[in-house]
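Remember, it's 1-based here, ligands and their atoms both numbered in the order they're listed. Only a predicted model underlies this, so the values are computations on that prediction, with no experimental measurement involved. Just the heavy atoms: all of them, side chains too, but no hydrogens, waters or symmetry mates, feed the values below.
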Amino acid sequence: MNKWGIIATWKMAVDGVAIGADILKNKGKCQDAVEKAIMEVENDPLYTSVGYGGLPNENCEVELDAAFMDGKTLSMGAVAGIKDYKNPVSIARKLSEDRFNIFLVGDGAEAYAHKNGFIRQNMLTERAKKTWETRMDEITQKNLSPYDGHDTVCMISLDSEKDMAVATSTSGLFMKKRGRVGDSPIPGSGFYVDNEVGGAAATGLGEDIMKGCLSYETVQRMRNGVSPMKAAQSAVEDFSEQLRKRRGVAGAISIVAMNNKGEWGIGTNVEFSFVVSTDEKELKSYLATPIFNEDKTIKEIKIEEM
Ligand code: GLY
């Protein structure tokens with residue numbers, strides 16, 4: 001039997017991964033698997049960090065970031081700060097077919113989406129608006145820091161023809177500044193995939209993930225013969241340590257990785273859930289919990305089925 005597999009960040013991805021796994025099981029392509037799986041998450045209004053229902057910026061506007069990459073051709077496409085379009089991941093995939101202008105932002109991305117027939121939709125739900133209003137009150141009354149929530153959905157998949165793809169989608173930091181872009185649409189930071197090795201994708205504080213180009217870093221470690229688990233864990237641990245040493249603090253960082261044999265791994269410096277389905281093991285959600293040494297370095301990561 002040919003190998004296939006799909007791994008995703010966060011338990012919210014479980015229904016999407018089931019759709020992606022079904023495509024892969026039936027000898028479908030990895031590109032379709034990651035796109036359709038992420039669309040499922042984007043379309044669910046209950047997920048407050050992705051697509052419809054995503055939490056807004058400080059001006060109460062839902063600005064979305066998404067990316068798509070094909071491991072065979074290294075084609076990639078991305079959008080950032082796009083408003084009022086239903087499935088940013090599909091727009092990113094479409095952009096990846098182009099030779100030039102593959103990463104579009106704001107109204108440029110919206111004009112492209114309009115021209116190419118993508119569906120317009122107000123992405124701000126009543127629920128997200130209420131959360132914004134409550135947080136505005138809290139910030140004003142309690143002098144709280146506004147930033148929170150950066151649970152990007154990322155998917156990496158391998159299909160039975162040994163092709164690989166990766167995609168990401170997020171509404172980014174809740175209460176972010178208008179125009180703020182995180183790691184998720186940035187090649188090498190939020191995602192990377194190469195058929196010759198494997199892929200990796202990140203979730204967490206974009207401002208810190210970007211500083212280490214952590215998805216590319218993880219793929220490079222796999223290229224040097226390291227397993228996806230070791231590559232992702234060591235990339236997160238080494239860089240968190242650098243951030244602590246040089247800046248005093250490391251934000252939340254989690255990485256999922258899969259190589260071109262369908263072996264998978266994760267690295268994280270916070271409690272983090274993820275979902276995997278492969279030809280060898282049915283779909284499962286897992287919880288990863290880092291156990292710390294006294295000096296804040298990570299002793300081990302406990303991974304349990306949820
Ligand atoms: N990791 C998502 C973001 O920071 O926007």
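- Atoms of ligand 1 lying under 4.0 Å from at least one heavy atom of Gly204, given by number and element, are 1 (N), 2 (C), 3 (C), 4 (O).
- Using a 4.5 Å cut-off between side-chain heavy atoms of Ile, Leu, Val, Met, Phe, Trp and Tyr, with links allowed through other members, Ile255 and Ile209 fall into the same hydrophobic cluster.
- No path of Ile, Leu, Val, Met, Phe, Trp and Tyr side chains, each step under 4.5 Å between heavy atoms, connects Ile91 with Ile38, placing them in separate hydrophobic clusters.
- Between Ile209 and ligand 1, no N or O atom pair is found at a separation short of 3.5 Å.
- Close N/O approach between Arg180 and ligand 1 is found [any backbone or side-chain N/O within under 3.5 Å].
- Taking a cut-off of under 4.0 Å to the non-hydrogen atoms of Gly172, the atoms of ligand 1 that pass are 5 (O).
- The number of heavy atoms from other shown groups lying within 6.0 Å of CD (Glu282) does not exceed 12.
- Atom CD of Glu263 is separated from atom OG1 of Thr278 by 11.0 Å, given to the nearest 0.5 angstrom.
- Listed by number with element, the atoms of ligand 1 under 4.0 Å from a non-hydrogen atom of Asp183 are 1 (N), 2 (C), 3 (C), 4 (O).
- Using the six-membered ring where Trp is involved, Tyr286 and Trp264 have ring planes that are tilted, between 30° and 60° apart.
- Side-chain contact of Ser90 with Glu35: a donor-acceptor pair under 3.5 Å is present, judged by distance alone.
- Residue-level proximity to ligand 1 for Met210 is absent, since no heavy atom of it falls below 4.0 angstrom.
- Every atom of ligand 1 is numbered from 1 in the order shown, and the set under 4.0 Å from a heavy atom of Ser184 is 1 (N), 2 (C).
- Counting atoms of ligand 1 from 1 in the listed order, those under 4.0 Å from a heavy atom of Thr152 are 1 (N), 2 (C).
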